[in-house]
Every structure is written in structure tokens, then in C-alpha cells.
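Any value given below was found using the heavy atoms of this structure, including those in side chains, with hydrogens, waters and symmetry copies removed. A, B, ... follow the sequence lines: proteins, then strands. Residue 1 opens every chain.
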Amino acid sequence: MPSENMISAKSISLRFDTEDSVVNALQNVSINISRGEFVSFIGPSGCGKTTFLRIIADLERPTEGEIEVNGMTPEEARRARAYGYVFQAPGLYPWRTIAANVRLPLEIMKYSKAEINERIQRVLSLVELNGFEKKFPWQLSGGMQQRVSIARALSFDADILLMDEPFGALDEIVRDHLNLQLLKLWLKTNKTICFVTHSIPEAVYLSTKIVVMSPRPGRIIDVIDSALPKQRPLEIRDTKPFIEIAQRVREGLRKGQSYD
Amino acid sequence: MTRSFLPITTIAIFILFLWYCLSIVLNSSWAYDRAARNSQTLTFKELVHDTWSQKKPKLPAPHQVFSEMWETTFNKKVTSKRSLVYHTWITLSGTIAGFLFGTILGIVLALAIVHDRATDLSIMPWIITSQAIPILALAPMIIVVLGSMGFTGLLPKAVISMYLSFFPIVVGMVKGLRSPEILEIDQMKTWSATKTQILWYLRIPRSIPYLFTSLKLGIAASLVGAIVGELPSGAISGLGARMLAGSYYGQTIKIWSALFAAAILAATLVTLIGLIQKIISKRMMLQV
């Protein structure tokens with residue numbers, strides 16, 4: 001495992017002041033994420049896992065603490081296009097074809113026409129969607145739409161991929177398939193991936209590091225480094241090391257629950 | 001279309017029936033007066049015949065209006081001052097000019113309001129106030145002011161028409177330009193898109209359905225504006241002028257035929273915009 005820090009957060013806190021109450025979305029969160037790691041953030045709703053991802057992406061500013069993304073502030077990292085962000089919903093534009101949807105960030109970033117076309121082909125084949133260029137989003141299933149969204153996030157070669165429950169709305173069979181694909185893609189591209197999820201098996205299956213979080217205030221309960229090999233067939237989920245890690249995650253989640 | 005045929009026809013027949021009855025009632029006093037002067041008494045049949053064929057009735061019968069429309073549409077040269085087509089064209093040109101100005105003004109204002117908070121706070125109340133002033137009171141002022149600057153004819157009419165039509169466009173476009181979801185705006189931020197890029201790639205396409213709804217309201221308002229602009233200006237052509245002239249001389253048939261021409265014109269324009277909307281929405285894969 002390379003030790004170079006890709007994301008390092010030091011005592012991050014974020015408070016939302018509303019009229020009648022103060023919400024501690026995050027309290028004193030510190031974590032280091034190395035280059036090439038696959039990190040999952042898991043916890044019940046309101047534990048601040050999405051908020052933390054949004055802080056990395058500069059969509060939210062912390063009230064306290066310091067954070068560096070690839071050696072820069074989040075804002076600099078965003079301007080340098082250091083990350084691709086996959087949201088819960090695919091967010092495809094219905095009036096654009098699949099190819100045109102993938103082209104959107106590339107057009108915004110002013111790539112040349114030839115390079116845009118080359119990149120569209122490359123990332124669509126990464127998510128195994130060649131031949132769908134001229135289709136419109138409504139002609140694709142939910143899983144395929146989310147794959148287009150991943151292709152789009154990969155298209156401009158950011159080193160970091162931030163994924164906010166990208167498969168949350170999909171059924172389990174499609175989810176398994178996409179998990180497998182995502183792992184392959186991670187091995188091939190060697191990106192640093194931060195992945196927010198509700199699902200324990202998904203987190204354990206995908207990650208090299210699992211961050212267990214708990215709500216009110218949002219904080220980190222446990223950080224688990226997974227010793228599972230990089231090559232992971234789906235069957236690995238029935239092996240002892242996998243089950244042990246899953247148990248530790250579950251314990252962490254329970255500990256967070258009993259806090260309040 | 002076929003599904004709505006029966007209900008629409010039913011209502012149309014009902015209205016025609018009511019209209020004919022009203023014609024008899026409203027025009028009967030004139031018929032009785034004339035009969036009394038001639039020391040005649042009227043049978044019901046004679047009464048009906050008289051009330052439906054007076055030259056200056058209080059309420060002309062539908063067939064009188066339609067035959068007047070037919071006469072002034074098909075049996076007059078379109079360049080003639082007596083042609084309904086000619087007057088409709090004059091009003092239409094004012095409507096279109098005002099509609100174009102209004103649409104441009106509306107979109108420009110909406111862009112300013114969406115992109116600049118200060119504009120939003122300072123201009124929006126004035127826009128709303130502007131629509132609270134009765135246009136009938138304002139129109140003569142606009143014509144006088146512009147006339148003293150040497151502008152007569154089409155321009156003052158277009159300005160009044162614009163004054164009415166820009167409002168629905170501003171309101172609709174502000175709503176449309178703000179219609180992208182938070183996720184879509186966040187997504188643009190993650191790509192470090194500029195404001196102009198967000199506008200071009202996201203806000204404008206998302207505002208198209210709102211734009212067309214506004215355009216439909218706007219063109220109808222434009223027509224009203226053009227007609228109102230023809231009323232006080234001493235204009236001699238246009239549907240508004242024709243209504244005014246008709247009322248000076250008690251030619252109610254003329255007024256009604258101008259009214260119908262205006263209604264048909266409005267319906268045609270709105271339908272036309274609806275058609276363009278359908279084509280563009282289909283191209284953009286948006287539901288109408």
C-alpha cells in the first residue's frame with residue numbers, strides 16, 4: 001500500500017445553525033486516506049458521511065478543522081478538477097444522448113473535439129456501455145444510467161473518485177454486478193475512491209479501509225483496515241476473514257447506536 | 001381532437017341558442033317602437049325576423065356577424081380599408097412586434113434577476129407594480145409621449161403590447177431558470193463550471209417548458225396590448241380602430257366581427273406556439 005496522503009482531514013467539525021437548534025453534522029473527524037485506497041464510509045442516516053464527502057468536494061465548508069485534498073485546499077482541488085463526483089441519482093440530462101452526457105464535463109473543461117471523442121469511447125468501454133452512445137437516458141435501466149454517471153465522472157481523469165451511495169436506489173442483483181465492475185475498474189485505473197454506503201456487505205466487499213460513523217454528533221467510531229486481497233470474486237463474501245470484518249463493522253454501528 | 005369534438009360542439013350550440021334568444025329580447029324594444037310608429041302590431045314571427053335583421057341592433061344575431069365577417073374577409077381586396085384581413089394584419093404586425101420586444105425584455109430581465117441578487121431585490125417589486133397600473137389609463141400617455149418624440153403608428157402600439165407581454169415572460173423565465181435541481185447545480189460545481197456555462201448547458205434547457213407556457217400567455221397579452229394601443233390613438237386601421245369606429249356610429253355588427261377576428265387571431269397564435277412547443281419538446285425528450 002503506498003503511503004502518500006491523498007486526503008488528510010484534521011479535526012473537522014461542521015455545525016448547521018438553524019433558527020431553533022444547532023445541528024452538529026460532523027464533530028472532530030480526522031482521517032488520512034492514501035493514494036489508491038478504496039475507502040467506504042458507513043453509518044446510519046445523519047451520521048455525516050455524505051457531508052464529509054461534500055467537504056472533500058468543496059460543496060460544503062467545515063466550521064473548524066483543516067483538510068487537504070491532493071496537497072491542496074478543497075477549493076483548489078475542485079478548481080484543479082482533482083476529483084470526479086458520482087451522486088445518488090445519475091443526474092443525466094434527458095435532452096442529451098449518452099455520448100453527449102459524458103461529453104458535458106469535457107465540453108465545460110474545453111477539451112479538443114478529437115480528445116473528447118477518444119475519451120467518450122474509453123470511459124464508456126470502462127463501464128461496458130459501448131454501443132449505447134446514441135441512446136437517450138430514458139432508454140437505459142437505472143443501473144445503466146448510474147454507470148453512465150460513473151463514466152462521466154471518470155472522463156476527465158481525476159485521481160479521486162467520490163461516490164455518494166451510487167447504487168443505493170438499485171436492486172441487489174444489479175448492485176452485485178456493479179460492485180464487481182467497480183472493483184475491476186478500480187484495479188484498472190488505480191484511483192483513490194471514497195464511497196458512501198448504507199450496506200455492510202457492500203462496504204466490506206469493496207474497501208481497503210472502512211470508516212464506521214455514528215450520528216448526533218456525526219463522528220468516526222471505528223476505522224478498519226481490510227486485509228482482504230485486491231482480487232475479490234463475489235464468493236469472498238462467504239469466507240471467514242470477510243465475515244469477521246463485517247462483524248466488526250456491525251459492532252461499531254451498534255456502539256454508535258447505544259451512545260444516545 | 002376527436003374526443004373533445006362532442007363537448008365543444010355541445011357548448012357551441014348552447015351558446016348560439018342563448019345568443020339568438022338574447023338578440024330577440026334586447027332588440028325587441030326597437031322593433032316594437034318602429035311598429036308603433038307605423039301603427040302596426042307584430043306577430044311573434046315578425047318580431048323574430050325583425051330582431052334578427054336590424055341594421056344597428058343592440059346585439060346582432062350570430063348570422064349577421066358571420067355574414068359581415070365573410071363579406072369583409074372574402075369579398076374585399078385585402079389592401080382595402082374595408083377588408084377585415086387588412087385590419088387584422090395591422091393589429092397582427094403590432095402584436096408580433098410587441099411580442100418580440102416583450103419576449104426579449106422579459107428574458108433579459110429574468111437573466112439579470114436570476115444572476116444578480118441586487119437586481120432581484122430592486123427590480124422585481126417594480127415589475128409587479130407595473131402590472132398594477134391599468135393599461136387603459138397608461139396607453140394614451142405612452143402614445144402622447146412617443147408621438148411628441150416623433151414616433152407614431154406601429155411603434156407606440158408595439159410598446160404598449162410589450163408592456164403587457166413582458167410580464168408573464170419574466171415571471172415564467174425566472175421560475176424556469178431556477179428550476180434545475182440542487183443536485184444538478186452541485187454537479188456543475190464539481191466540474192468547476194462557470195456561471196455562463198451553467199446557464200448555457202443547464203438553466204436554459206431546463207427553462208424551455210416554462211418559456212413556452214409564458215410565450216402563450218405573452219402572445220395573448222400582446223394582442224390585447226396592440227388592440228388597446230389602437231383605441232385612443234385616433235388610428236384609422238387595426239381591429240381596435242375598427243371597434244372604436246363601430247362604437248362611434250353604433251355599428252354593432254362591425255364591433256362584433258372585429259371582436260371575433262381578434263379572438264380567432266389569438267387562438268391561432270396560441271395554437272401556433274403550442275405546436276412549436278410540441279416539436280421542440282419532442283426533440284428535447286421532455287414531457288409536455
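- Within a 6.0 Å sphere centred on CG of B:Leu121, heavy atoms belonging to other residues, nucleotides or ligands number more than 12.
- Environment of CZ in B:Phe101: sparse, with no more than 12 heavy atoms of neighbouring residues, nucleotides or ligands closer than 6.0 Å.
- Counted within 6.0 Å of CD on A:Glu66, heavy atoms from surrounding residues, nucleotides or ligands total 12 or fewer; the atom is thus considered open.
- The candidate from A:Ala158, A:Pro137, A:Gly91, A:Ala80 with the greatest count of non-hydrogen atom pairs under 4.5 Å with chain B is A:Gly91.
- Contact count versus chain A (heavy atoms, under 4.5 Å) is highest, among B:Glu184, B:Met188, B:Glu181, B:Gln197, for B:Gln197.
- Both the backbone and the side chain of A:Arg78 come within contact range of chain B, each with at least one heavy atom under 4.5 Å from a heavy atom of that chain.
- For chain B, the nearby part of A:Leu104 is the side chain; its heavy atoms alone come within less than 4.5 Å.
- The two residues B:Ser192 and A:Arg81 have their closest heavy-atom pair at O-NH2, 3.2 Å.
- With a threshold of 4.5 angstrom between heavy atoms, A:Leu59 approaches chain B through side-chain atoms but not through N, CA, C or O.
- More than 12 heavy-atom neighbours from other residues, nucleotides or ligands sit within 6.0 angstrom of CH2 on A:Trp95.
- Closest non-hydrogen pair, B:Tyr201 versus A:Tyr93, comes out as O-CE2, 3.5 Å.
- Heavy-atom distances place the backbone of A:Pro90, and not its side chain, under 4.5 Å from chain B.
- Contact record, A:Ala89 with B:Leu183: CB-CD1, 3.9 Å, taken as the closest heavy-atom pair.
- Atom CD1 of residue B:Ile182 and atom CZ of residue A:Phe87 lie 11.0 Å apart, to the nearest 0.5 angstrom.
- A 6.0 Å sphere centred on CZ of A:Phe136 holds more than 12 heavy atoms belonging to other residues, nucleotides or ligands.
- Here CD1 of A:Ile108 is found 8.0 Å from OG1 of B:Thr194. Values are rounded to the nearest 0.5 Å.
- Side-chain atoms of A:Tyr85 and B:Asp186, non-hydrogen and from C-beta on, never get closer than 4.5 Å to each other.
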